[in-house]
*Asks:* 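Got a structure for you, written out below as structure tokens; questions coming shortly.
Values reported hereafter were calculated over all heavy atoms of this structure, with side chains retained and with hydrogens, waters and symmetry mates removed.
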Amino acid sequence: IGAAVVAHLNSGAQSDAPLWDKYWHKSFVSIEGVGANMSWEGRKAVEAKCADWMSKNTVHGCRAEGPFVGSTGFAVKISMDVEEKASGKRFQMEEVAVYSVERGKVVREEFMYGGMK
């Protein structure tokens with residue numbers, strides 16, 4: 001699964017739906033937030049979160065490294081070149097995505113931010 005995530009992110013794909021269809025549990029949880037725990041449960045909620053973010057930002061490039069595999073899942077380092085649509089401000093963003101896997105499906109994803117430049 002981890003290798004598929006890295007390949008997908010490096011392909012420039014605009015939608016994660018193919019990954020979710022094949023590798024994610026239907027009621028997976030997505031967690032984000034710096035200093036505040038924000039979570040979305042289930043695909044419909046995560047699709048809405050992603051659509052909202054994409055409506056506000058343009059991704060000019062994405063590079064993924066890994067996967068880094070552990071006993072309960074894997075992690076991927078992600079670097080993105082992003083432009084905020086409202087302001088036109090362009091920035092570089094880094095995060096580590098940690099994926100928990102049970103019975104061959106991702107049941108939880110958490111995004112940990114490393115900073116923006």
Side-chain angles (χ1 to χ4, degrees):
I1 298 171
V5 170
V6 170
H8 175 82
L9 292 171
N10 286 333
S11 76
Q14 294 294 308
S15 171
D16 292 334
L19 287 176
W20 296 339
D21 290 342
K22 189 169 184 178
Y23 300 112
W24 267 240
H25 189 277
K26 65 180 177 180
S27 59
F28 73 99
V29 176
S30 183
I31 300 169
E32 300 200 37
V34 176
N37 179 6
M38 299 180 290
S39 65
W40 294 262
E41 186 171 341
R43 183 161 171 174
K44 187 179 256 186
V46 176
E47 285 176 336
K49 170 193 77 155
C50 292
D52 180 62
W53 193 85
M54 291 301 288
S55 75
K56 296 174 184 171
N57 298 282
T58 300
V59 177
H60 292 286
C62 179
R63 181 170 178 258
E65 298 175 51
F68 304 93
V69 180
S71 63
T72 61
F74 62 95
V76 175
K77 181 182 177 199
I78 303 167
S79 303
M80 289 190 288
D81 178 9
V82 179
E83 181 179 350
E84 185 180 58
K85 290 179 180 179
S87 68
K89 181 181 175 187
R90 197 157 168 173
F91 57 94
Q92 306 302 307
M93 177 180 163
E94 289 188 319
E95 63 187 7
V96 172
V98 178
Y99 301 91
S100 299
V101 178
E102 294 177 6
R103 296 183 193 99
K105 297 286 185 181
V106 172
V107 295
R108 176 184 165 156
E109 60 183 21
E110 183 171 358
F111 299 95
M112 301 176 185
Y113 303 105
M116 293 185 225
K117 300 173 190 171

*Asks:* Kindly compute the distance separating CE (Met93) from CD1 (Ile78), expressed to the nearest 0.5 Å.
*Replies:* 8.5 Å

*Asks:* Please say yes or no: joined through hydrophobic side-chain contacts below 4.5 Å, possibly via intermediate residues, are Val96 and Ile31 part of one cluster?
*Replies:* no

*Asks:* Quick one about Glu109 and Trp24 (side-chain donor to acceptor, distance below 3.5 Å, no hydrogens or angles considered), yes or no?
*Replies:* yes

*Asks:* Kindly give the heavy-atom pair with the smallest separation between Ala64 and Val76, and that separation in Å.
*Replies:* CB-CG1, 3.8 Å

*Asks:* Considering all heavy atoms of both residues, which atom of Ala3 and which atom of Pro67 are nearest to each other, and what is their separation?
*Replies:* N-CG, 3.7 Å

*Asks:* Does some side-chain heavy atom of Met54 sit less than 4.5 Å from a side-chain heavy atom of Val59?
*Replies:* yes

*Asks:* Side chains of Asp81 and Gln92: is there a donor and an acceptor less than 3.5 Å apart?
*Replies:* yes

*Asks:* Measuring from atom CD of Glu41 to atom OG of Ser30, what distance do you get when rounded to the nearest 0.5 angstrom?
*Replies:* 11.0 Å

*Asks:* Should Phe28 and Ser100 count as side-chain neighbours, where that means a heavy-atom distance under 4.5 Å?
*Replies:* no

*Asks:* Could you tell me which residues satisfy ring-ring contact (aromatic ring centres under 6.0 Å, His included) with Phe74, sequence neighbours excluded, listed by chain and number?
*Replies:* Tyr99

*Asks:* Quick one: does Met38's side chain get under 4.5 Å of Lys49's, heavy atoms only?
*Replies:* no

*Asks:* Working to the nearest 0.5 angstrom, can you tell me the gap between Glu102 CD and Arg108 CZ?
*Replies:* 10.5 Å

*Asks:* Which residues pass the side chain to side chain contact (heavy atoms under 4.5 Å, CB included) test with Ala7, sequence neighbours left out?
*Replies:* none

*Asks:* For the atom pair NZ (Lys85) and OG (Ser55), what is the distance rounded to the nearest 0.5 Å?
*Replies:* 6.5 Å

*Asks:* Please walk me through it: do Ser15 and Trp20 pass side-chain contact (heavy atoms from CB on, under 4.5 Å)?
*Replies:* CA-CA 10 Å; Ser15 171; Trp20 296 339; 5.8 Å; no

*Asks:* Rounded to the nearest 0.5 Å, what separates atom NZ in Lys77 from atom CD in Glu65?
*Replies:* 5.0 Å

*Asks:* If hydrophobic clusters are built from ILVMFWY residues whose side chains come within less than 4.5 Å, do Val98 and Phe111 share one?
*Replies:* no

*Asks:* Assigning hydrophobic clusters by single linkage (Ile, Leu, Val, Met, Phe, Trp, Tyr; side-chain heavy-atom cutoff under 4.5 Å), is Leu19 placed with Val6?
*Replies:* yes

*Asks:* If we only count heavy atoms from C-beta on, is the Glu95 to Met80 side-chain gap below 4.5 Å?
*Replies:* yes

*Asks:* Check the side chains of Glu83 and His60 for a donor-acceptor pair under 3.5 angstrom, ignoring hydrogens and angles.
*Replies:* yes

*Asks:* State yes or no: do Trp40 and Tyr113 share one hydrophobic cluster built from I, L, V, M, F, W and Y residues joined by side-chain heavy-atom distances below 4.5 Å, directly or via other members?
*Replies:* yes

*Asks:* Might you work through the side-chain contact (heavy atoms from CB on, under 4.5 Å) test for Arg63 and Asn10, ending with a clear yes or no?
*Replies:* CA-CA 5 Å; Arg63 181 170 178 258; Asn10 286 333; 4.1 Å; yes

*Asks:* In sequence, state the C-alpha distance, the side-chain angles, and the governing distance for Arg43 and Asp21, and then conclude on salt bridge (charged side-chain N to carboxylate O under 4.0 Å, His left out).
*Replies:* CA-CA 10 Å; Arg43 183 161 171 174; Asp21 290 342; 2.5 Å; yes

*Asks:* Taking atom NZ as the centre, does Lys56 end up with more than 12 heavy-atom neighbours from other residues, nucleotides or ligands that are less than 6.0 angstrom away?
*Replies:* no

*Asks:* Answer yes or no: does atom NZ of Lys22 have more than 12 heavy-atom neighbours from other residues, nucleotides or ligands under 6.0 Å?
*Replies:* no

*Asks:* Hey, any chance Met112 and Val5 share a hydrophobic cluster, counting ILVMFWY side chains that come within less than 4.5 Å of each other, even indirectly?
*Replies:* no

